Trainee: 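One structure is given below, represented as structure tokens, and several questions about it will come after.
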2 protein chains.
Amino acid sequence: MGASKTADYTLIQTDLARYCKALSHPARVAILQLLLERKTCICGDIVEDLPIAQSTVSQHLKELKQSGLIKGEIDGTSVCYCIDESEWIKATQLLRTFFDGFELNRNTCC
Amino acid sequence: MGASKTADYTLIQTDLARYCKALSHPARVAILQLLLERKTCICGDIVEDLPIAQSTVSQHLKELKQSGLIKGEIDGTSVCYCIDESEWIKATQLLRTFFDGFELNRNTCC
DNA sequence: CATATTAATCGCAATATTACGATAAAAGGA
DNA sequence: TCCTTTTATCGTAATATTGCGATTAATATG
């Protein structure tokens, strides 16, 4: 494959891309919605709610953790997953600023 | 690979995932920023601005078109790309609603 | 008409993603 | 201690993504 180093893009661009990549699969969107809606966020509940295997859910949870949007806390044999507040707010603000760029600068060239 | 049909997820989940997938690469974020900032949005200008080859830019533009977020209009030998207003607004609203879910329902279970 | 210019597409390679079942690891309960 | 429960990881396969150079197609321009 080709190069395209991280340095070729701004921090905002790579951050935005990272958060969006986390949300780029419907299963991960569904997981985040569950975490937003529920009081408890045990991994097992997520597995029951999704139409995919436990190992696949675990993989998606790992990716969400790596994106920073969620964190997991071990509680006995189970793991409690939650939204990471500061990262969530950061993502919210980045996306808001990005999408607001349209209202601020309506270019109707085509 | 496994199954995971589209029907397994809600329309909102797949729409959100589709828009976010479009934004999941820094080059595509950069392209969208260019389209937001500039009056003209000729493909060649985008190619000049990005650190990747013309064919690769063309591929990213194709993906952005498929996501619905942009549209292209042929103008002689060149192509003018623009944000698709209605899709952009739809994406903005979907994302806003999604991220607002955190403020509405702060669950601090971990 | 010949030749540039512009953008899309093709062919290819490297790597990443998505998914599964099987297995491992870790803690709890009988 | 043995067994269950719960989650992560491993191994593997199928497919998707990312990137490039080369080529094609379409329109301008001389």
Side-chain angles (χ1 to χ4, degrees), chain A residues 1-9 13-14 17-31 34-35 40-67 70-82 109-110, chain B residues 1-9 13-14 17-18 20-31 34-35 40-67 70-82 110:
Chain A
M1 217 216 289
S4 129
K5 299 141 286 178
T6 316
D8 288 336
Y9 302 99
Q13 286 164 350
T14 53
R18 181 168 47 86
Y19 289 131
C20 285
K21 192 167 189 172
L23 282 156
S24 74
H25 193 288
R28 292 195 288 271
V29 172
I31 289 171
L34 277 177
L35 298 192
T40 58
C41 37
I42 302 300
C43 174
D45 300 342
I46 300 168
V47 171
E48 272 188 27
D49 223 85
L50 294 191
I52 48 180
Q54 178 267 323
S55 59
T56 309
V57 171
S58 200
Q59 229 171 344
H60 283 305
L61 285 168
K62 191 180 177 183
E63 281 179 72
L64 284 171
K65 257 193 295 184
Q66 280 169 349
S67 80
I70 71 169
K71 54 187 176 180
E73 208 168 68
I74 296 167
D75 175 29
T77 48
S78 44
V79 177
C80 177
Y81 282 101
C82 263
C109 73
C110 18
Chain B
M1 215 216 293
S4 134
K5 299 141 285 179
T6 315
D8 288 337
Y9 302 99
Q13 286 163 351
T14 53
R18 180 168 49 86
C20 285
K21 192 167 190 172
L23 283 156
S24 74
H25 193 289
R28 291 194 290 270
V29 172
I31 290 171
L34 277 177
L35 298 193
T40 58
C41 36
I42 301 300
C43 176
D45 299 343
I46 301 168
V47 171
E48 271 187 29
D49 223 86
L50 295 192
I52 48 180
Q54 178 265 324
S55 59
T56 309
V57 171
S58 202
Q59 230 172 344
H60 283 305
L61 286 168
K62 192 180 178 183
E63 281 178 71
L64 285 171
K65 257 193 293 182
Q66 280 168 349
S67 79
I70 71 168
K71 54 187 175 178
E73 209 168 66
I74 297 168
D75 174 30
T77 48
S78 45
V79 177
C80 177
Y81 282 101
C82 262
C110 18

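Because the structure is predicted, anything quoted here is derived from the model rather than measured. Here is the naming used below: chain letters follow the sequence lines, and residue numbers restart at 1 for every chain.
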Trainee: Taking all non-hydrogen atoms of both residues into account, name the closest pair between B:His25 and A:Ala17 and its distance.
Mentor: C-CB, 3.8 Å
Trainee: If you compare every side-chain N and O of B:Thr77 against the phosphate oxygens of C:dA7 (OP1, OP2), does one of them come in below 4.0 Å?
Mentor: no
Trainee: Ignoring backbone atoms, test whether A:His25 places a side-chain nitrogen or oxygen under 4.0 Å from the OP1 or OP2 oxygen of C:dA19.
Mentor: yes
Trainee: For residues B:Ile46 and B:Val57, report the shortest heavy-atom separation together with the two atoms involved.
Mentor: CG2-CG1, 3.9 Å
Trainee: If you assign B:Val57 and B:Gly76 each to the DNA chain D nucleotide with the nearest heavy atom, which residue ends up on the more 5' nucleotide?
Mentor: B:Val57
Trainee: Please determine if a side-chain N or O atom of B:Lys21 lies less than 4.0 Å away from the OP1 or OP2 oxygen of D:dT17.
Mentor: yes
Trainee: How far apart are the closest heavy atoms of B:Leu50 and B:Ala27, and which atoms are they?
Mentor: CD1-O, 4.0 Å
Trainee: Within this structure, what is the CZ-to-C1' distance between B:Arg18 and D:dA16, rounded to whole angstrom?
Mentor: 18 Å
Trainee: Figure out the CG/P separation between B:Asp75 and D:dA26, and round it to whole Å.
Mentor: 17 Å
Trainee: Taking 4.0 Å as the cut-off, does a side-chain nitrogen or oxygen of A:His60 come that near to OP1 or OP2 on C:dA19?
Mentor: yes
Trainee: Rounded to whole Å, please give me the gap between CG in A:Leu61 and P in D:dT6.
Mentor: 16 Å
Trainee: How long is the line joining CD1 of B:Ile70 and P of C:dA8, in whole Å?
Mentor: 9 Å
Trainee: May I ask you to evaluate whether A:Tyr81 reaches the phosphate of D:dA8, defined as a side-chain N or O under 4.0 Å from OP1 or OP2?
Mentor: yes
Trainee: Would you mind classifying the nucleic acid contact of A:Ser58 as base, sugar-phosphate or nothing, using non-hydrogen atoms under 4.0 angstrom?
Mentor: base
Trainee: Roughly, in whole Å, what's the span from CD in B:Glu48 to P in C:dT5?
Mentor: 13 Å
Trainee: So which atom in A:Leu35 and which in A:Tyr81 form the shortest heavy-atom distance, rounded to 0.1 Å?
Mentor: CD2-O, 3.7 Å
Trainee: Roughly how many Å is it from CZ in B:Arg28 to C1' in D:dT17, rounded to a whole number?
Mentor: 8 Å
Trainee: So which nucleotide from D:dT7, D:dA8, C:dC20 ends up closest to the side chain of A:Lys65?
Mentor: D:dA8
Trainee: Is there a donor-acceptor contact under 3.5 Å from the side chain of B:Ser67 to the main chain of B:Leu64?
Mentor: yes
Trainee: Can you find a donor-acceptor N/O pair under 3.5 angstrom joining the side chain of A:Ser55 to the base of C:dG21?
Mentor: yes
Trainee: Identify whether any heavy atom of B:Glu63 sits under 4.0 Å from a base atom; if not, whether one sits that close to sugar-phosphate; answer base, sugar-phosphate or nothing.
Mentor: sugar-phosphate
Trainee: Starting at atom NZ of A:Lys62, determine the distance to atom P of C:dC20, rounded to an integer number of angstrom.
Mentor: 17 Å
Trainee: Does the A:Arg28 side chain pair with the main chain of A:His60, one donor and one acceptor, at a distance under 3.5 Å?
Mentor: no
Trainee: Roughly how many Å is it from CD in B:Gln54 to P in D:dG19, rounded to a whole number?
Mentor: 14 Å
Trainee: Determine the contact category for B:Ile74: base if any of its heavy atoms lies under 4.0 Å from a base atom, sugar-phosphate if only primed atoms, P, OP1 or OP2 are that close, otherwise nothing.
Mentor: nothing
Trainee: Let me spell it out: for each of B:Ala53 and A:Val79, pick the nucleotide of DNA chain D with the closest heavy atom. Which residue's pick is nearer the 5' end?
Mentor: A:Val79
Trainee: Answer yes or no: side-chain N or O of B:Gln59 and base N or O of C:dA8 forming a donor-acceptor pair under 3.5 Å.
Mentor: no
